[in-house]
There are 2 protein chains.
Amino acid sequence: MSDPRPPARRAPTMRDVSRLAGVSPMTVSRTLADPGLVSQETRARVLAAVEQLGYVPDRGAGGLSSRRTGFVALIVPSLINPNFADTATGLTAAMRPRGYQPLIGVTGYSVAEEEVVLRAMLSRRPDAIVVSGMHRSQAARDLLARAGVPVVEIWDRPETPIDRAVGFSNYAVGRLAARTLVARGATRIAGLGPERTGEARDFRGEERLRGLRDGLREAGLADDLILHHGRVAGAFAHGAEAMTALIERGGAEAVFLVSDISVFGALMECRRRSIRVPQDVQLLGFGDFEIGRQCVPRISTIAVDPVEIGRRTGDLLIRLLDGEEGGAAIIDLGIRLLLRETTRA
Amino acid sequence: MSDPRPPARRAPTMRDVSRLAGVSPMTVSRTLADPGLVSQETRARVLAAVEQLGYVPDRGAGGLSSRRTGFVALIVPSLINPNFADTATGLTAAMRPRGYQPLIGVTGYSVAEEEVVLRAMLSRRPDAIVVSGMHRSQAARDLLARAGVPVVEIWDRPETPIDRAVGFSNYAVGRLAARTLVARGATRIAGLGPERTGEARDFRGEERLRGLRDGLREAGLADDLILHHGRVAGAFAHGAEAMTALIERGGAEAVFLVSDISVFGALMECRRRSIRVPQDVQLLGFGDFEIGRQCVPRISTIAVDPVEIGRRTGDLLIRLLDGEEGGAAIIDLGIRLLLRETTRA
DNA sequence: GCTTGCTTTGGTATCGGTACCATGCTTCCT
DNA sequence: AGGAAGCATGGTACCGATACCAAAGCAAGC
């Protein structure tokens, strides 16, 4: 394995800086870690040397020594889902100013991949781990529990969190959906979500439909229109296909879909078939995606704030990593009903 | 700074594994790095010990020693833009099987943030750096050029790449847009993109409009309808607002917008105003976003394959990091015209 | 039988930082 | 004046892996 590139003079080290500034490496380390510990004069000399050499500390080496890497593992099912991209953005915003670097792992909704990704994260010795919907594999649960660092489960409200949780109850979303549609006079109410078999599953989506089912039963309504259909990925297509399947089974007065993306797909299917929304059928989604705010008609939805989930998780972790108490084990950010134009008054 | 959590028995080290297996740490290292180097019997004993202890190697320590961290820095303007999320997914898919871990940095389209993020990445000593539209700050350029590792610029076709480039010509996109709309009989052709001032700029979008302008001039048409309007973020809203501005200036026969997301926003604005697409106005976008394939009417667009950009970049880097020649400095993946329903035949 | 060479294993130094303790010097107090 | 206390700095031993070299064991070749 010969390297064809020019030998690339090695990056300067703390030793180089210390020589140039005429101090010991230890003093350079202090200057960078906590400038208040060195005299003003020394600090100036060190910083000038850092500048002149273009020195960038090697945090890998620092982490090895201090046993704090500054990494925060973030494991999500998908980055293409804007909800998780938003959460990643919120987490980054909260933690980067304190020097933490998110390490993003994507599982593709696959239970098998979960463990592979988690292992890759653990090999980087993160200071904290944030996971979304990872509690299905026992091996993964064990790895997490034994990691010896704070673990936060997000986008969920587990009965018994491994450590902490920041999110909301997906089950409650489904129940609220049922209540909302019942209150709007619908009696034949459908629920559309992805199928529940195979390697890749959307457990949170299933949880919402479970809430819907219980809500409908409680209202004395039938729950025979809760359909599981198609793959979790490509959610746009899912909405259109699921709507088609529903129509073939006779349709419904109101439909709850597991995400706004799916609602959009269903909406387009309705347009193609000249079915009027909300006059002929009411649609209710989940997630308050940007697309639902922009399309015509605007999508009624049950909202959570994905950026806030990331931000609150970041704040919690900063506190925990500073050695403070983090407060409650479970932070429930709640859900919000946004009635717009795909439901009737 | 007292730590309230239980002392968390430290993760097992290679030393622990070696003791349990009755071999030297060096043999454990070899077993894990290249199993063919040790005898079958030894390998079995070592792997059993690894399994029993739940040992996960510390790649931070390994990287310090081997001077290969296995990190690939990926710097993008935004993760919320599905194009970049797709590229990240493609890059991950190509490189993770070889043990590389992407390190994602997000600049928020901000030139100032670029350098901060780049510095954070460099402190992790990545084996390669992938950047998207980072060539605007001289300090950042210098840092990249002196990093001593392969650098790939993506989503662009720079005149003089820092090292390598994988992408396509945004300028060519604009010219193709002009040609396409001219060929469809339009004479009053507009171009809508975000404003060109302020800290956060979408340079690639501007480049597309520059191509459009030149294309229009070449066809002998006016270019006075090329409007820069609103912020780059929140592209849905951008499309609607820009379309409104255009209509207030008298409208156009055909409009090129810098992304399909913007086209969607414009399309919704047209629906609100009962302007028919494509009968009253033709719309052409860029990016072939999922939403453009699903909405009604389906959006005509100039497509690139974002996942492919990531994948090809990953393949190139694997070759370079294996010490092979990488081939051409610039890989142009080309663009594809997809005529759908927002343009006329 | 002894050299040669291959396979398999081990020992030691080192990667670039930080933790921890030691030291020299000043300042302040009794 | 003597000693305690505090500030600024330096020295040394690691953190947990891998590179590199050495060496043991064994088979093959002459």
Check nucleotides 6-9 of chain D for protein N or O atoms closer than 3.5 Å to its own N or O atoms and list the pairs.
unit_1	atom_1	unit_2	atom_2	d
D:dT9	OP1	A:S39	OG	3.2
D:dT9	OP1	A:T42	OG1	2.3
D:dT9	OP2	A:S39	N	3.0

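- The stretch residues 49-57 of chain B touches DNA chain D through B:Y55, B:P57, each having a heavy atom under 4.0 angstrom from the strand.
- In this entry the distance linking CZ of A:R67 with P of D:dC14 reads 14 Å, nearest Å.
- Shown here are the side-chain hydrogen bond (donor to acceptor under 3.5 Å, both in side chains) partners of A:R15, two or more places apart in sequence or in another chain: there are none.
- One atom, CG of A:D58, and another, P of D:dA17, lie 17 Å apart when rounded to the nearest Å.
- Counting to the nearest Å, the C1' atom of C:dG10 and the CE atom of B:M14 are 14 Å from each other.
- Looking at A:E113 and B:R96, a side-chain N of the basic residue comes within less than 4.0 Å of a carboxylate O on the acidic one, giving a salt bridge.
- Applying the side-chain contact (heavy atoms from CB on, under 4.5 Å) criterion to B:S39, with sequence neighbours excluded, gives B:E41, B:T42.
- Shown here are the side-chain hydrogen bond (donor to acceptor under 3.5 Å, both in side chains) partners of B:R43, two or more places apart in sequence or in another chain: there are none.
- If you take CG of B:D16 and P of D:dG16, they are 9 Å apart, rounded to a whole angstrom.
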Just distance, no hydrogens or angles: give the donor-acceptor pairs under 3.5 Å from side chains in residues 313-321 of chain B, sequence neighbours left out.
unit_1	atom_1	unit_2	atom_2	d
B:T313	OG1	B:I309	O	2.6
B:D315	OD2	B:R311	NH1	3.1
B:R319	NH1	B:G326	O	3.1

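- Ranked by how close their nearest DNA chain C nucleotide is to the 5' end, B:G22 and A:A33 are led by B:G22.
- Using a 4.5 Å heavy-atom cutoff, the side chains of B:T89 and B:V307 are not in contact.
- If you take CZ of B:R45 and P of C:dT8, they are 14 Å apart, rounded to a whole angstrom.
- Taking only side-chain atoms of A:S65, from C-beta outward, the nucleotide of C:dC15, C:dG17, D:dA17 with the closest atom is C:dG17.
- Taking the screw axis at each terminus of the helix from C:dG1-D:dC30 to C:dT30-D:dA1 from five consecutive base pairs, the angle between the two is 50° to within rounding of 10 degrees.
- Residue B:R10 has its side chain nearest to D:dC15 when only D:dC15, C:dG11, C:dG16 are considered.
- Here A:D322 pairs with A:R98 in a salt bridge; the nearest charged N to carboxylate O distance falls below 4.0 Å.
- In this view, A:R312 satisfies the side-chain hydrogen bond (donor to acceptor under 3.5 Å, both in side chains) rule with no residue, not counting sequence neighbours.
- Taking every heavy atom of both residues into account, B:P161 and B:I330 meet most closely at CG-CG1, 3.9 Å.
- Among residue pairs with one or both ends in residues 42-82 of chain A, those qualifying as ring-ring contact (aromatic ring centres under 6.0 Å, His included) are A:F71-B:F71; sequence neighbours excluded.
- Side-chain contact between A:I129 and A:V149: present, with at least one pair of heavy atoms (C-beta onward) separated by less than 4.5 Å.
- Contact of the A:R119 side chain with the A:L143 side chain is registered, since non-hydrogen atoms from C-beta on lie closer than 4.5 Å.
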Without placing hydrogens or testing angles, list every side-chain donor-acceptor pair under 3.5 Å for residues 28-35 of chain A, not counting sequence neighbours.
unit_1	atom_1	unit_2	atom_2	d
A:T31	OG1	A:T27	O	2.6
A:D34	OD1	A:G36	N	3.3

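- Closest approach to the B:M26 side chain among C:dT18, C:dG11, C:dG17 is made by C:dG11 (side chain taken as heavy atoms from C-beta onward).
- Partners of B:R19 under the side-chain hydrogen bond (donor to acceptor under 3.5 Å, both in side chains) rule, at least two apart in sequence or in another chain, do not exist in this structure.
- Contacts between residues 96-104 of chain A and DNA chain D, counted as heavy-atom distances below 4.0 Å, involve no residue at all.
- When the P atom of C:dT18 is taken as reference, atom CG of A:L64 falls 11 Å away, rounded to whole Å.
- Rounded to a whole Å, the CZ atom of B:R68 is 17 Å from the C1' atom of C:dG16.
- Between D:dT18, C:dG17, D:dG16, one nucleotide has an atom nearer to the side chain of B:S29 than all others, and that is D:dT18.
- Regarding A:R19, its CZ atom lies at a distance of 13 Å from the C1' atom of C:dG16, rounded to whole Å.
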